[in-house]
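Okay, structure first, notes after.
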Protein chains: 2
Amino acid sequence: MKLSDGPRTGSRGNSRDNSKASQKPKPAAGERRLGDFLCFAIYSANLAFGRAYKKGLDELGLTYPQWIAIVALWEQDGQTVSELGEKMFLESNTLTPILKKLEQMAYLRRQRDPSDERQVRISLTEAGRRLREKGMHMNLVASTGLKPDEFARLQENVVTLRDNLIRATAEKAE
Amino acid sequence: MKLSDGPRTGSRGNSRDNSKASQKPKPAAGERRLGDFLCFAIYSANLAFGRAYKKGLDELGLTYPQWIAIVALWEQDGQTVSELGEKMFLESNTLTPILKKLEQMAYLRRQRDPSDERQVRISLTEAGRRLREKGMHMNLVASTGLKPDEFARLQENVVTLRDNLIRATAEKAE
DNA sequence: CCCATATATATCGCATCCGATTAAATCGGA
DNA sequence: TCCGATTTAATCGGATGCGATATATATGGG
């Protein structure tokens, strides 16, 4: 198991810092900088997305994972906790508190499946569906500053990256 | 403020689902699926990275943000909490507990700057530097399943995305 | 010098994430 | 049928993120 996902092992090119001597102490030669790690780019982009969405979500009175759950349930209503978890890449330990909160807000219902009492099926209420509509006409595409083709390719590459990571992690766990 | 970052507003092309009738109930026509949101791709890729790194980080006895802090301090030692926060895209409310934990583990020192007692300067201990070396020869590049050129372009695009989002969010906040 | 303002951290409460464990229901082989 | 293994949620504790607030220090105008 290796911990770096930065491709560079030798000297780095920093296009913003080559006109004058750096004022910062140089890191040890050959070291990867934080900016070279793809994982950190994803990590920080995720923070940035969360902050960009914050204002709009506050107007809906939702958090980001709550919103994702509403979108996933809009796509297909009546999913079990596990099914919803597969789509959101989360498990019941994380999902259950979120769903309980949304139930408490009257945006969805949680009920045991009569045919298998182990499962809990989640269905949106009318208020939950209205919530989806309220958030639907909002978008951040412009804020990404990406052209449509860049946007689409980036999206595909990130999804590929995610799926490859998940597969590789599962394989290494035997 | 718009809340969707999915580019498609009309019908979707789902290349995996066009050979036979979908078994799932169709979502309302014109709806964006979760998979069309770039924010969700980033969100879930971040979860995937966290899980992929987990095993390696456990061996070091660190969490992901703790590791990031070590890397950032290795780059430049003696940073203030704010400076470190700029690089990690975090503020003192999040950073202080992490740094206190790392101090308690004896990987760094936190000391008030004598010339300005408001600031706290963070410096790695010898154990902290050894930690960086222990993690350095590990990498996840193979697990990403991306070719080097794809990897590099993806990294650049994600960084651009992040920086554009941050700028746009700051502008909208007046 | 005095005090209002600004700056840099820290604290607090809430909401995720996640590993480990628990509890309940189902399944399956003897 | 019976009982151990499996499956599905839920619970618990620890560690982030983050808005709001608090505290301590520094700064500047009168």
Side-chain angles (χ1 to χ4, degrees), chain A residues 40 42-55 57-69 79-86 88-105 110-122 166 169 173, chain B residues 40 42-55 57-69 79-86 88-105 110-122 166 169 173:
Chain A
F40 181 69
I42 296 283
Y43 166 81
S44 52
N46 184 51
L47 293 178
F49 254 128
R51 290 161 194 170
Y53 268 104
K54 189 70 171 57
K55 181 172 293 186
L57 287 172
D58 278 349
E59 292 172 8
L60 295 182
L62 293 180
T63 64
Y64 183 75
Q66 288 168 1
W67 167 250
I68 293 295
Q79 296 183 75
T80 65
V81 173
S82 293
E83 287 167 349
L84 189 56
E86 278 180 36
M88 295 178 63
F89 297 93
L90 294 173
E91 294 173 27
S92 69
N93 53 0
T94 300
L95 220 37
T96 295
I98 295 174
L99 296 174
K100 280 189 166 182
K101 180 72 177 177
L102 286 170
E103 179 181 47
Q104 171 192 323
M105 297 184 208
R110 298 163 57 248
Q111 31 202 354
R112 292 277 166 184
D113 186 329
S115 74
D116 184 344
E117 293 277 349
R118 291 173 302 183
Q119 299 185 341
V120 170
R121 297 208 167 266
I122 316 294
I166 290 172
T169 303
Chain B
F40 180 69
I42 295 284
Y43 166 81
S44 52
N46 184 51
L47 294 179
F49 254 128
R51 292 161 193 171
Y53 268 102
K54 187 71 171 53
K55 180 171 294 186
L57 288 172
D58 278 349
E59 292 172 8
L60 295 181
L62 293 180
T63 64
Y64 183 76
Q66 289 168 359
W67 166 251
I68 293 296
Q79 296 182 75
T80 66
V81 173
S82 294
E83 288 166 349
L84 189 56
E86 279 180 36
M88 294 178 64
F89 298 93
L90 294 173
E91 294 175 26
S92 67
N93 52 1
T94 300
L95 220 36
T96 295
I98 294 173
L99 296 174
K100 280 190 165 183
K101 180 72 179 178
L102 286 170
E103 180 182 45
Q104 172 193 322
M105 296 186 210
R110 298 162 57 249
Q111 31 201 356
R112 293 276 166 186
D113 187 328
S115 73
D116 185 343
E117 292 276 351
R118 291 173 302 183
Q119 299 184 341
V120 171
R121 296 208 169 267
I122 315 295
I166 290 172
T169 304

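Here the C1' atom of nucleotide C:dT26 and the CD atom of A:Gln119 are 10 Å apart, to the nearest Å. The nearest whole Å value for the distance from the CD1 atom in B:Ile122 to the C1' atom in C:dT9 is 10 Å. Rounded to a whole Å, the OH atom of A:Tyr53 is 19 Å from the C1' atom of D:dC18. The interatomic distance linking B:Glu117 (CD) with C:dA8 (P) rounds to 15 Å, in whole Å.
Between A:Glu83 and A:Arg121, some side-chain heavy-atom pair lies under the 4.5 Å cut-off. Side chains of B:Thr80 and B:Asp116 form no contact here, defined as non-hydrogen atoms less than 4.5 Å apart. Taking 4.5 Å as the limit, every side-chain heavy atom of B:Thr96 sits out of range of all side-chain heavy atoms of B:Val120. Residues A:Gln66 and A:Ile98 form a side-chain contact, since some pair of their non-hydrogen atoms from C-beta on lies under 4.5 Å apart. Annotation: side chain of A:Leu47 is in contact with side chain of B:Leu90 (closest heavy-atom distance under 4.5 Å).
Here the nucleotide nearest the side chain of B:Lys100, chosen from C:dA10, C:dC18, D:dG17, is C:dA10. Distance from the side chain of B:Arg51 is smallest for C:dC18 among the nucleotides D:dA10, C:dC18, C:dA8. Side chain of A:Val120, nearest nucleotide from C:dA10, D:dA10, C:dG19: D:dA10.
Using a 4.0 Å cut-off, some side-chain N or O of A:Thr63 falls inside it from OP1 or OP2 of C:dT16. Considering only side-chain N and O atoms, A:Thr80 lies under 4.0 angstrom from the phosphate OP1 or OP2 of D:dA9. Residue B:Arg110 has a polar side-chain atom (N or O) positioned under 4.0 Å from OP1 or OP2 of C:dA10. Side-chain N/O atoms of A:Thr96 include one lying less than 4.0 angstrom from OP1 or OP2 on D:dA10. Side-chain nitrogen and oxygen atoms of A:Tyr43 include at least one within less than 4.0 Å of the OP1 or OP2 phosphate oxygen of D:dG17.
Using a 4.0 Å heavy-atom criterion, one finds that B:Leu95 contacts no nucleic acid atom at all. Looking at heavy-atom distances under 4.0 Å, B:Gln66 makes contact with sugar-phosphate atoms alone, never a base. In this structure, B:Arg121 reaches neither bases nor backbone, as no heavy-atom distance under 4.0 Å exists between it and the strands shown. Residue B:Thr94 is in base contact, counting any heavy-atom pair closer than 4.0 Å across all strands shown. Counting any heavy atom pair closer than 4.0 Å across all strands shown, A:Leu47 reaches sugar-phosphate atoms only and no base atom.
Judged by distance alone with a 3.5 Å cut-off, a donor-acceptor contact links the side chain of B:Arg118 to the base of C:dT7. Taking 3.5 Å as the limit, the base of C:dA10 and the side chain of B:Ser92 contain a donor-acceptor pair of atoms between them. A donor-acceptor contact under 3.5 Å links the side chain of B:Asn93 to the base of D:dG19.
In terms of position along DNA chain C, the nucleotide closest to A:Tyr64 lies nearer the 5' end than the nucleotide closest to the other residue of the pair A:Asp116 and A:Tyr64. Between A:Leu99 and B:Lys101, it is A:Leu99 whose nearest contact on DNA chain D lies nearer the 5' terminus. Across the interface with DNA chain C, nearest-nucleotide mapping of A:Asp113 and A:Leu90 shows A:Leu90 to be the residue nearer the 5′ end.
In this structure B:Phe89 satisfies the ring pair (Phe, Tyr, Trp, His ring centres under 6.0 Å) test with no other residue, sequence neighbours excluded.
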